[in-house]
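Only a predicted model underlies this, so the values are computations on that prediction, with no experimental measurement involved.
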Amino acid sequence: MSAWEHRNVGETPSMSEISRSHCRFCDSKLVSDEINDLWAGTSAQVGNLHHETIQGMAEIHGDFILQEMEVIDVPEEHPAVLSVCPQCGWWMVSKDIFLITRNQDWLAIYGSAALLRPFDLLDIRLPTAEVRQYLAAKYQDRNNVHPRHFEQVVASVFASCGFRAEATAYSADGGVDVILSDCSGQTTAVQVKRRKGAIEVSQIRELLGAMVLGRHTKGIFVTTSRFSAGAFQAASIATSQGLPIELVDGQEFLRRLRLAQVTDHAKYREDLIANVTSGLALGTGIEFHLNSL
């Protein structure tokens, strides 16, 4: 499953949806590839649409429009292109068709774009991968996500970065929400707080106590918000005494989330192509002239 879907509702896509170089959600640069062109042969349909358009114009402006703007050559049809955001997974499909008239070159753009599925972010049954995609696209909703989901997303991000990551039991976790382990067998205790206010020194001390009791060699505190000056000082003192604590605020976690998404992008690319090319209908986005001779 994916956080993205396409619906064949017959609407005309806007130019901003099917003709862009960056993601409309997170503004990352799109990665584009030609795909199996299930829509080959649509140039005839576009040619007919163009003919109907200029006939309507001729009724208003005169028959000279037909002579000047009628297509005089076979339309030039380009392959379909799938453009995907490697960070949040948003995608669009576009297909260009060029029409040559006596005095103008025209471009018709066919396409379709993904929609973000509606989510109940408090539904604990949602797959973690979908919640992760959703947050990569709409990170401003991070405080609306079920706390357990956010813990699992944090674990999955660390897993994508090469750690063995395990989310602990949701209740009675002893102050540790995720445990990371490396190839040497050393473990890191991760505390996760989904909140709007700043993390205070008392919460850093709680993590420090959990590290000692669990014999973890390092601690990481991840929050959707920020850390107070006292929290930074407490983490610095613990680190200087041989119990290192790393602080990851909301913006730093977003950076790591998107990096993890890029790392995993290649894993789901083929599945995405198969999903997009199964029954996707393209709509006419716009037709406009490129130049006048």
Side-chain angles (χ1 to χ4, degrees), residues 26 87-88 119 121-124 126 128-129 131-182 186-261 263:
C26 67
Q87 291 193 0
C88 71
F119 277 88
L121 296 176
L122 295 178
D123 184 353
I124 197 65
L126 290 175
T128 300
V131 178
R132 198 170 112 167
Q133 274 191 333
Y134 184 95
L135 287 177
K138 297 191 69 175
Y139 193 60
Q140 64 269 29
D141 289 349
R142 59 192 180 276
N143 288 316
N144 298 327
V145 174
H146 192 286
R148 182 55 171 172
H149 272 318
F150 194 70
E151 293 172 4
Q152 292 170 333
V153 167
V154 169
S156 73
V157 166
F158 278 109
S160 294
C161 295
F163 290 94
R164 291 193 296 272
E166 179 182 359
T168 61
Y170 187 46
S171 60
D173 56 20
V176 177
D177 299 307
V178 178
I179 296 177
L180 309 180
S181 56
D182 57 24
Q186 293 186 326
T187 59
T188 297
V190 182
Q191 176 67 275
V192 180
K193 288 295 184 185
R194 187 218 64 173
R195 60 181 299 171
K196 295 181 179 179
I199 300 299
E200 301 294 343
V201 60
S202 59
Q203 291 161 303
I204 302 300
R205 289 171 179 162
E206 289 175 5
L207 173 58
L208 182 59
M211 290 168 55
V212 173
L213 291 175
R215 297 184 179 181
H216 302 292
T217 56
K218 181 181 178 181
I220 301 176
F221 204 118
V222 179
T223 180
T224 55
S225 59
R226 63 192 188 282
F227 296 94
S228 69
F232 277 111
Q233 184 178 21
S236 177
I237 293 173
T239 300
S240 67
Q241 295 180 356
L243 290 170
I245 295 180
E246 180 183 358
L247 304 183
V248 178
D249 64 14
Q251 290 307 306
E252 172 59 18
F253 182 70
L254 173 60
R255 188 190 70 80
R256 297 188 186 193
L257 168 63
R258 290 181 170 173
L259 178 61
Q261 288 290 107
T263 300

Distance, nearest 0.5 Å, that separates [atom1] of [X] from [atom2] of [Y]:
{"X": "Thr224", "Y": "Gln251", "atom1": "OG1", "atom2": "CD", "result": "10.5 Å"}
{"X": "Gln241", "Y": "Leu208", "atom1": "CD", "atom2": "CG", "result": "8.5 Å"}
{"X": "Asp249", "Y": "Leu254", "atom1": "CG", "atom2": "CG", "result": "10.0 Å"}
{"X": "Leu207", "Y": "Gln191", "atom1": "CG", "atom2": "CD", "result": "6.5 Å"}
{"X": "Gln87", "Y": "Leu257", "atom1": "CD", "atom2": "CG", "result": "8.5 Å"}
{"X": "Lys138", "Y": "Cys88", "atom1": "NZ", "atom2": "SG", "result": "11.5 Å"}

Might you point out which heavy atoms bring [X] and [Y] nearest each other, and give the distance in Å?
{"X": "Arg132", "Y": "Ser156", "result": "NH1-O, 3.1 Å"}
{"X": "Ile204", "Y": "Ile245", "result": "CG2-CD1, 4.0 Å"}
{"X": "Ala159", "Y": "Ala165", "result": "N-CB, 4.1 Å"}
{"X": "Leu121", "Y": "Asn144", "result": "CB-O, 3.4 Å"}
{"X": "Lys196", "Y": "Ser225", "result": "O-CB, 3.4 Å"}
{"X": "Thr187", "Y": "Arg215", "result": "OG1-O, 4.2 Å"}

Subject >> Proximity of Phe253 and Phe150 rings by center, below 6.0 Å >> reply: yes

Original post:
Can you list the steps and then say if Gln261 with Thr263 is a side chain to side chain contact (heavy atoms under 4.5 Å, CB included)?
Top reply: CA-CA 5 Å; Gln261 288 290 107; Thr263 300; over 6 Å; no

Between the side chain of [X] and the main-chain N/O of [Y], is any donor-acceptor distance below 3.5 Å?
{"X": "Tyr139", "Y": "Gly250", "answer": "yes"}
{"X": "Arg194", "Y": "Val145", "answer": "yes"}
{"X": "His149", "Y": "Asp123", "answer": "yes"}
{"X": "Thr239", "Y": "Ala235", "answer": "yes"}
{"X": "Thr168", "Y": "Asp177", "answer": "yes"}

Side-chain contact test, heavy atoms from C-beta onward, threshold under 4.5 Å: evaluate it for [X] versus [Y] and give yes or no.
{"X": "Thr188", "Y": "Ile179", "value": "no"}
{"X": "Gln203", "Y": "Lys193", "value": "yes"}
{"X": "Thr223", "Y": "Val248", "value": "no"}
{"X": "Ser181", "Y": "His216", "value": "no"}

Original post:
After noting the C-alpha distance and the side-chain angles of Val178 and Leu180, does the key distance pass the side chain to side chain contact (heavy atoms under 4.5 Å, CB included) rule?
Top reply: CA-CA 7 Å; Val178 178; Leu180 309 180; 3.8 Å; yes

Please check if atom [atom1] in [X] has more than 12 non-hydrogen atoms from other residues, nucleotides or ligands closer than 6.0 Å.
{"X": "Arg195", "atom1": "CZ", "result": "yes"}
{"X": "Gln233", "atom1": "CD", "result": "no"}
{"X": "Glu252", "atom1": "CD", "result": "yes"}

**OP:** May I have the step-by-step check of side chain to side chain contact (heavy atoms under 4.5 Å, CB included) for Val190 and Val222, ending in yes or no?
**Re:** CA-CA 7 Å; Val190 182; Val222 179; 4.0 Å; yes

Subject >> Basic-acidic side-chain contact under 4.0 Å: Arg256, Glu246 >> reply: yes

